[in-house]
Protein chains: 2
Amino acid sequence: MKELIKDLVKNGQYSQIKQEIIKMNAVDVAQLFEELEEESIMIIFRLLPKEMAANVFTYLSFEQQQYIIESITDKETKIIMEDLFLDDAVDLLEEMPANVVKKILKNTTEEKRNLINHFLKYPDNSAGSIMTIEYADLKKEMSVNEALEHIKKTGVDKETIDICYVTDKYRKLEGIIPLRKLILNDGSKKIEKIMDKNIKSVQTDMDQEEIAHLFKKYDMVVMPVVDKENRLVGIITIDDIVDIIEQENTEDFQKMAALEPSGVEYLKASVFALAKHRILWLMVLMISATFTGRIINNFEEVLAAIMILNSFIPMLMDTGGNSGSQSATLIIRGLALGEVHISDALKIVWKEFRVSLIVGFALAVVNFFRIYYLEGIPLDITIVVCITLFLTIVIAKLVGGILPIFAKLIKVDPAIMAAPLITTIVDALALIAYFQMASHFLGIA
Amino acid sequence: MKELIKDLVKNGQYSQIKQEIIKMNAVDVAQLFEELEEESIMIIFRLLPKEMAANVFTYLSFEQQQYIIESITDKETKIIMEDLFLDDAVDLLEEMPANVVKKILKNTTEEKRNLINHFLKYPDNSAGSIMTIEYADLKKEMSVNEALEHIKKTGVDKETIDICYVTDKYRKLEGIIPLRKLILNDGSKKIEKIMDKNIKSVQTDMDQEEIAHLFKKYDMVVMPVVDKENRLVGIITIDDIVDIIEQENTEDFQKMAALEPSGVEYLKASVFALAKHRILWLMVLMISATFTGRIINNFEEVLAAIMILNSFIPMLMDTGGNSGSQSATLIIRGLALGEVHISDALKIVWKEFRVSLIVGFALAVVNFFRIYYLEGIPLDITIVVCITLFLTIVIAKLVGGILPIFAKLIKVDPAIMAAPLITTIVDALALIAYFQMASHFLGIA
């Protein structure tokens, strides 16, 4: 399909392009635009039917949106702005440079402009900033038939009418009723009798991560947003929530790998921006790792006496880091999904302790056979290495299990307590254990 | 609310419990059950209205579901099975032990039993295994009024009728039409004229991860599932997709931390199961790390000559591991979200190379000042450490950037190319670079 259209563009067969393109999904058209020259984009964009144009527009990258707005007339801008859902219009204004914003606002009705201004005041990532105001609004005194009539008259411009909201004269939310329930009920029934009064709603300032939790917990598809007086001000739809879930996951992945979170796609991010998001944490961890180096310095005479001890350091450090990071990851993820809570701290410590005994014992035994029998290391040194390995795993699992909980307790994102930080901490503890054991049992110090 | 009900249970005030509990959401009732004694659960469960009972039942843990089925009569089992959606019934049967399965099947109608058997044949995690068959089915010859009439008659048992499907007499999928579009159109209009023929559908054997991608890409809420002859066999709803997205993310988090993926919640998993999921990878990585140890062994004379070199090893190893894991995480996540593809390999190498020059230079400079001026290490050793640090970061970022792509190419999950494996590989490379530089520039070997 894409190849076909690219060919048609090359040959200037515009009427055929139009025929093909109106059969396509708006998402696919937007994706096609990414592969075309800017001039072709403008030609095809102008061929799109009015309604489809606004729809395709919302799926374009911000760079392409900017290019289009800059290229089209005021009248064309006006048409797009009329068809854009309010939340998409707000997203657009937040990203565009000043001259484009000016052109957009000039071509927006005053009513919509006021709404947009109102929206821009909600804090980032709050319910207010992700909601849309296009919902269907009913009164409890209506009959089912009256309600359906009302929806028919007003429903066309709504983002979704699958779920309708019942409000009183002060716009206070009184109930919800899915469209399907209206259809399945007798036409003369009063809305009040069939609406659901057990409503889950959120306030405008609630954080999007919490809202996503509620959607998941209650298997919701739409969520009403109310102000402090319980007046309905908007709705949040599941498609935005799915994006938020992936965004929050991406942030966690990034934080857990010592990256400053960034919402920009890898291939679209500049080299300088990528470097900037990596340097700070690497620097902090590099400097922390020098403490581990100091420990080695302090025990120089132990190493000088038995050089072979040196060759087990990478294995001890890596295994410690990996063991701790396994535990930390499970707890961080459990906290993010709401499966684990701060109050579970003791349970976690006890569980990790028992797990670490099993894991530590298994690895120590394998290690014993490997270095004593296969590598022929003297028995006393083998024992020191194996006991250190065991202790390292126990310490690592306890540290990895408890640090994310501690982070949550002091209101820091648990995701930073992942592999990089845990490794640095456990490295130091492992080496101290190692050298203490060595100087004690091998009679060096 | 929970406290209130717990009190009522304690005092045996059952009529009041019933009054309170029917006001609650099924999810909340299920959550309350987790905190109650088994006997109280049975009492309250029997107080629930028929329809709510099945609904609460689907939200319970498998252990509680098993307990309830074992405790109730055949007649009660029959009632629950009648009200359970087919996909929930299938999930239940897959998890229950044989005696419970027998009791369930005995109390299921033959028709439903056949459907369940059919479902159980779909491979795990395929479209067939996650779909439900409760959808609304229309014919293109119907008028809008006839369609609404048909939905009224048959719609009550459907999981969702927000989107209806138009099929021909061979059950082939011809179009889709949202319920809201039916409402907004004139009653005499033919379905054929207003249905959407541009249908996104999936086949029964498609993997759930791919399906989730389609939902995200096209902002879908329901997806039709067809067989190889394009006959409609079921639908997949967004609430299941949200669960799948989180499940796939959890698997990636686990694999990236050298854990064998497990779907069991941390607090519910046994100590033995937790240990089992950790040991294998730790063992593999522990043994790999011994190669790093060998490298240190081989350069023993370099270290013996200049012991201070030893104290920079943790810093070099950790920074290398962290640098590589930053790059790997960005690429693994990009691949999972479909933002990065195998064909981008060269772009990634070139980008990571430039990023690594900036990051490596910045860290090397900071390190130079720290160890030359603050720690007073001789200039030649300082230079060796800083150049090694720079090289380590460049190597780490290239390895971290390219290994996930390579994994994808050979059809291995890119998520295993994360911190643990990258660290082990980069450790070895960093040490070789370090000792080569040292023996070369410090004139030891």
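Chain letters run A, B, ... following the sequence lines, proteins first and then strands; every chain starts at 1. None of these values were measured; they are calculated from a predicted model.
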- Query: Can you find a pair of side-chain heavy atoms, one from B:I151 and one from B:C164, that are under 4.5 Å apart?
  - Reply: yes
- Note on the structure: From the list B:N322, B:T237, B:I371, the residue making the most non-hydrogen contacts under 4.5 Å with chain A is B:N322
- Do A:K397 and A:Q326 have side chains that get closer than 4.5 Å, going by heavy atoms? yes
- Toward chain B, the part of A:D427 with a non-hydrogen atom under 4.5 Å: side chain
- Note on the structure: By side-chain hydrogen bond (donor to acceptor under 3.5 Å, both in side chains), A:D186 pairs with (sequence neighbours left out) A:S188
- B:I245 versus chain A, heavy atoms under 4.5 Å apart: side chain, backbone, both or neither? side chain
- Message: If I measure from the heavy atoms of chain B, does A:M317 come under 4.5 Å with its side chain, its backbone, both, or neither?
- Response: side chain
- Per-residue tally against chain A (heavy atom, under 4.5 Å) across B:D162, B:I348, B:T423 peaks at B:D162
- Task: Identify which of B:N185, B:I308, B:D239, B:L363 forms the greatest number of heavy-atom pairs closer than 4.5 Å to chain A.
- Result: B:L363
- Message: So for A:I393, is it side chain, backbone, both, or neither that comes closer than 4.5 Å to the heavy atoms of chain B?
- Response: neither
- Task: Flag the one option from A:L282, A:V242, A:V27 with the top tally of heavy-atom pairs under 4.5 Å to chain B.
- Result: A:L282
- Note on the structure: If one checks every heavy atom of A:S323 against chain B at 4.5 Å, the contacting part turns out to be both
- Task: Heavy-atom distances under 4.5 Å only: say whether B:F291 touches chain A with side chain, backbone, both or neither.
- Result: neither
- Per-residue tally against chain B (heavy atom, under 4.5 Å) across A:I241, A:I279, A:V359, A:L259 peaks at A:L259
- Message: Just so I understand: if I count every heavy-atom pair under 4.5 Å between each of B:M220, B:K200, B:K181 and chain A, which residue has the most?
- Response: B:K200
- For A:I331, is it the side chain, the backbone, both or neither that has a heavy atom under 4.5 Å from a heavy atom of chain B? side chain
